[in-house]
Structures are given as structure tokens and as C-alpha cells.
Amino acid sequence: MVEKLRIYNSLLGKKETFEPIEPPYVGMYVCGPTVYSDVHLGNMRTFMSFDVIYRYLSYLGYKVRYVRNITDVGHLESDADEGEDKISKKARLENLEPMEIVQRYTTGFHRLTEIFNMLPPSIEPAATGHIVEQIGMIRQLLDNGFAYEVNGSIYFDVSKYNKDHNYGKLSGRKIEEMMESGRDLASQEEKRNTIDFALWKKATPEHIMRWPSPWSDGFPGWHLECSVMGTKYLGETFDIHGGGLDLQFPHHECEIAQSVGAYGKDPVRYWMHTNMLTVNGQKMSKSLGNSFLPHELFTGNHPLLDEAYSPMTTKFFMLQSHYSSTLDFSNEALKAARKGYKRMINGLRLIKEMEFAEDGAERDEKNIKQIEQIVSMCHSSMNDDFNTALTIGQLFNLLKKINSLHTGQLGFGAIGRETFDKMKSTYIDFVENILALKEEDPSDFKHLVEAMVEIYREAKFRKDFEQVDKLRAGLKANGIIVKDMKTGIEWAYEE
RNA sequence: GGCGUUGUGGCCGAGUGGCUAGGCAGAGGUCUGCAAAACCUUUUACAGCGGUUCGAAUCCGCUCAGCGCCUCCA
């Protein structure tokens, strides 16, 4: 491709040409889920977006190491109710071991990624597996004078850091303003400034998840795990760091401060943030109670849903917007997406079966040029900050040509073998490998069998034995046997 | 309150200083035993008011409305 990949970098607030630090290698870190409850659809949107980004980077030939963590340290619910963390709270409610909670929801999350046809990341590190490294980073920050200890807890000294560095450069904040607007909460008494954040918290007696450290039995601060694991697996400076827009501040801002404070280097070249999924214009979130669980969507079992929507319909719906735009959920939009998805998949089935056949049609330069242009637009759309929405539009344009070819309205000879091959590989690559949409079988195949058996009954009644034999053979070939019994005609699985 | 961000046709949703986004829905047509699919054509746009410009929905200003972050959050 002539055109180069451009990425919107949150750090600069503009798109820039993507240049990896050490091509062809690319390091990408994405903040993964906190596994104390089911991930909801909004969470999945982010992971799905980065799955497509991962796939497209690979498609371009980059060797991507994709790290997506699992946050399994129960961080504090909020600064207000200090002492209890999300995971141990959930464990207490459900009468389970904290790690049982972690295991359950991690497994659930993994199932979902498969259902949505996502690739596993290269490395999926857990925060609890990196306590030693986190303690190490805290030591480094203490040595460098950016952290201080109070009663066994360690805090990051933001104002000291800000003397020589710019705390707030990612989220566009000014430290003075934040210090004024900081909230007056009990847990902040230990901090020198309200904007300081915890690197290590001493555990209260009832806190279940705890580890020994030089300062106290306790647990690491939330922001630390990403800094530590990103550095460990991708280096002190790596290419891409992604996550939901709601992590931009304070989480990502703190990550930058920690890395710069510890290693003196900016950790990330390109910061990418995915926007929120909304319901009736409001952010979907667990705390607002307006979140959809994926299975609620798949079953239609939710007060706001008219009916069920399949995983691929959902995925298509999400990919029809750009990752950096908010996307609002509605039944109408989902229904429209379902039709669009099916149209696109029908096209995939067609083109996969289609082979070039010289039919003597006259070469049609206009059509060739159109197809070439659409193909190149597919690439340039993705190159333009992974614009899946535009890309899908182009694929539909390509689909028109495919369908015309299929119905004979456009001759193979008109476009020639070369253009045909390009069209075919582009459509398949983009739908199947980049957007990663796949065919969904109609779930109730039993209805199909029942319909066949009904035709069998009628043929038998007519004594059309040729038809009867054909139907029986067809079913048997698919592992279904027809049973002609005195009491009636039934079917069963072949034993 | 501070900082952002968004406002596109019946719905969803891209995009852009002048060149058809696309999907869904609607209308007409081709094809067809019927139906569907497919293909072709097609209607209703860029929140409001000003400004810059040969030309703006696209840039600037103001107004209105929504949303997000500032607290755990993808």
C-alpha cells in the first residue's frame, strides 16, 4: 500500500503516521478486565476493537506482541470505603475464595472472547503473578524520591514529580486545578496531596488479599500493575498502549508518571482510547446499573431488548462505528445490523465458492477501475486509524460487484482474472481475518430435520419411493436416520 | 465548577473546505410460476445564528442541547 497507517494518538490529540520503535516488531499493551464480575458489553467493545487492531497490524506484516492483563488483585472499591476490595467483597457475598471468583470470571471472559471470535493475546499476565515486580518498581520510585511512606502505605508524590515532569499531559489536566478540586475524603488523610495516588496499601485486618512487602502486609496500587507488566514484557518504552477512554485519567496518567519516575522514560509512543458504549445516551457501566451482559443480548433476556441478537450481529453492530466514537445501543440499530451482517456473510459464502471462469465477456475498464478503487479504499480506510465503519462501507460496495458477478449481470471476462483475484482475496481477508466476522449456523437444526422428515412423510404417502429413498439417504449422510414405525415416522441420531 | 467532546437525512453511522460513504427502512424498476434474494434508479441531511472563503455540513465565533472525565469503571 502506498498509504501508511495513521493512528490517533491521545497524547498529542491528533493522528500521526505509525512508526514502530523496532520494525517489524510492535509492542501493544491493553488494559484488560477486572475479574470480580461478568464483563459487560461495553468492556467487550474495547477488547473487540483492539482485537481488530491486533489483526490488522498482523495483516500489515508486523510481528505484534499483544499483552492484555487480567486484574485479579482486588483494588479498593473507592476511596470512601477503605479496607474492603472488590474481589474479597464479592468473595464474602458469594462465600467463595477470592481466587475462586477470579477463576470463574476469567473463564467467563475467555469464553466470551471466543464467542466473539477474538484471538487470544500473546501474553495475558495476571497482576497477582507480578507482586514481586511491583514491589521492585515501588523501591525504584522510593529511591528516585518520587514516593513516600506513611504507616506502611506508599504513595506517589505527584507534585514533586510535576516539578520536572508534566503530570496531566495525557488527559490535558493542570495539576493546580486538580489540587483545588480534589475531594475531601477520609483515606486521603495519609496523602500529602489529594492528587497523590497509592503504590502500596497496608491491608486492614479484614482485607483478605494481601502480600508481604518491606513496608507492610498489603496490596499494590491499581495503576502499578500495568506499568510493571507493560515494562516486563514490552520494555521501558513500547509502541501502543490502549484501553477505554475512562481509563485515560487517572489510570493511564498515573502509569506515565510511574514509568517516568522509575525509569526516566516515557513508557508509550501511541496512546489509544476507545470510546464508551451508551444506553439511551448514557455511558454503560456497572455502577450505573445500565449495563448489558453479553448473554442477555444473545438470549434477548433483558427488559430493554425486543429480542435476541447473536454474537456476530453484535460484533458487526459495534464495528459499524469507529472505536473512538460513542455508540448508542438500540433495538432498531441492532436489527439493522443483523440484516447488514447477514448480507455481508452471504457475500462471504458466495465469493469463497466463486472461481474465475473465462466467459468471453468484453473487458470493461470502468468496472475494473471501480473494483480496484474499492479494494484500495478498503486498505486506506483501515490505515486511517482503523476505521472499520468506512471499511465496512467499502466492503458493501465490493459486495455489489460480487453479487453482480454471481447473477451474471457482470461477466468474469469484463473484470479479468487479476482484478477478480484481488477482489476475492480482499473481501475474504477483510471480512474473515481482519474484522473477523464468521458464519453463524442457525442454531435450531432440528427444525430443518423436522421439515425434511415432513417432506419424507408426504412422499411416502404419495408412494413416490424415488423421492423417499433420496431423502432417507440425504439424512443418513448427515447422521440422521428415519424410522418408519407402525406408530408413525420419526427421526433419530444414527447409532 | 474545571477540562473535554458530540449534535449528519425515518433509524444507525462514516466522512470531508468544491468530487455518490455504507447499512436498515421507504418508493419505482429489472428478474421471477409464486416468494425471496440479487441488481438498477430514487426521496427527506449535515442543531441554530453570525463570520472567513470564489465556494463550508466541513474552518472561526457565539447560542442551544446532549454526553464524558474530574471517584471504581473498557
Between B:U58 and B:A47, how far is it from one C1' atom to the other, in whole Å? 15 Å
Would you call A:K14 and A:E16 a salt bridge, using N to O less than 4.0 angstrom? no
Applying the 3.5 Å cut-off to both distances, the Watson-Crick or G-U partner of B:U30 turns out to be B:A38
Could you state the atom-to-atom distance from CE of A:M284 to P of B:G68 in whole Å? 13 Å
Counterpart base for B:C46, defined by Watson-Crick or G-U wobble contacts under 3.5 Å: none
Regarding A:K315 and A:E440, does a basic nitrogen lie under 4.0 Å from an acidic carboxylate oxygen? no
Which nucleotide in the list B:A74, B:C72, B:A38 gets nearest to the side chain of A:N403? B:A38
Now, which nucleotide makes the Watson-Crick or G-U wobble pair with B:U53, with each of the two distances under 3.5 Å? none
Nucleotide nearest A:Q409 (side chain, heavy atoms from C-beta), chosen from B:A74, B:A38, B:C72: B:A38
Can you give one letter per nucleotide of nucleotides 10-24 of chain B, going 5' to 3': B for a protein heavy atom under 4.0 Å from the base, S for sugar-phosphate only, - for none? -SSSSS-----BBBS
First of A:P33 and A:S404 reached from the 5' end of RNA chain B, by closest nucleotide: A:S404
Taking only the P atom of each, what is the distance from B:G13 to B:G17 in whole angstrom? 22 Å
Who does B:G1 pair with, Watson-Crick or G-U, both distances under 3.5 Å? B:C70
Nearest listed nucleotide, side chain of A:E177, among B:A74, B:G68, B:C3: B:C3
Using the C1' atom on both, measure B:U43 against B:G51 and round to a whole Å. 33 Å
With heavy-atom distances below 4.5 Å as the criterion, would you say the side chains of A:L199 and A:Q258 are in contact? yes
Regarding A:S285, tell me which of base, sugar-phosphate or nothing describes its non-hydrogen contacts under 4.0 Å with the strands shown. base
Salt-bridge present (A:E355, A:K424; N to O < 4.0 Å): yes
Using 30° and 60° as the class limits, which term best fits the ring planes of A:W271 and A:H252: parallel, tilted or perpendicular? tilted
Which base, if any, makes a Watson-Crick or G-U wobble pair with B:U58, both distances under 3.5 Å? none
What does A:G42 touch in the nucleic acid at a heavy-atom separation under 4.0 angstrom: a base, only the sugar-phosphate, or nothing? base
Would you classify A:H40 as touching base, sugar-phosphate or nothing, given that sugar-phosphate means primed atoms plus P, OP1 and OP2, and contacts are heavy atoms under 4.0 Å? base
How are the rings of A:Y59 and A:H379 set to each other: parallel, tilted or perpendicular (split at 30° and 60°)? parallel
Any carboxylate oxygen within less than 4.0 angstrom of a Lys/Arg side-chain nitrogen, looking at A:E94 and A:R104? yes
A:H165 atom NE2, neighbour heavy-atom count above 12 within 6.0 Å: yes
Under a 3.5 Å limit on both distances, the Watson-Crick or wobble mate of B:A14 is none
Remember a base hit wins even if backbone is also touched, and classify A:M44 as base, sugar-phosphate or nothing at under 4.0 Å, heavy atoms. nothing
Between A:L399 and A:H223, whichever has its closest RNA chain B nucleotide further toward 5' is A:L399
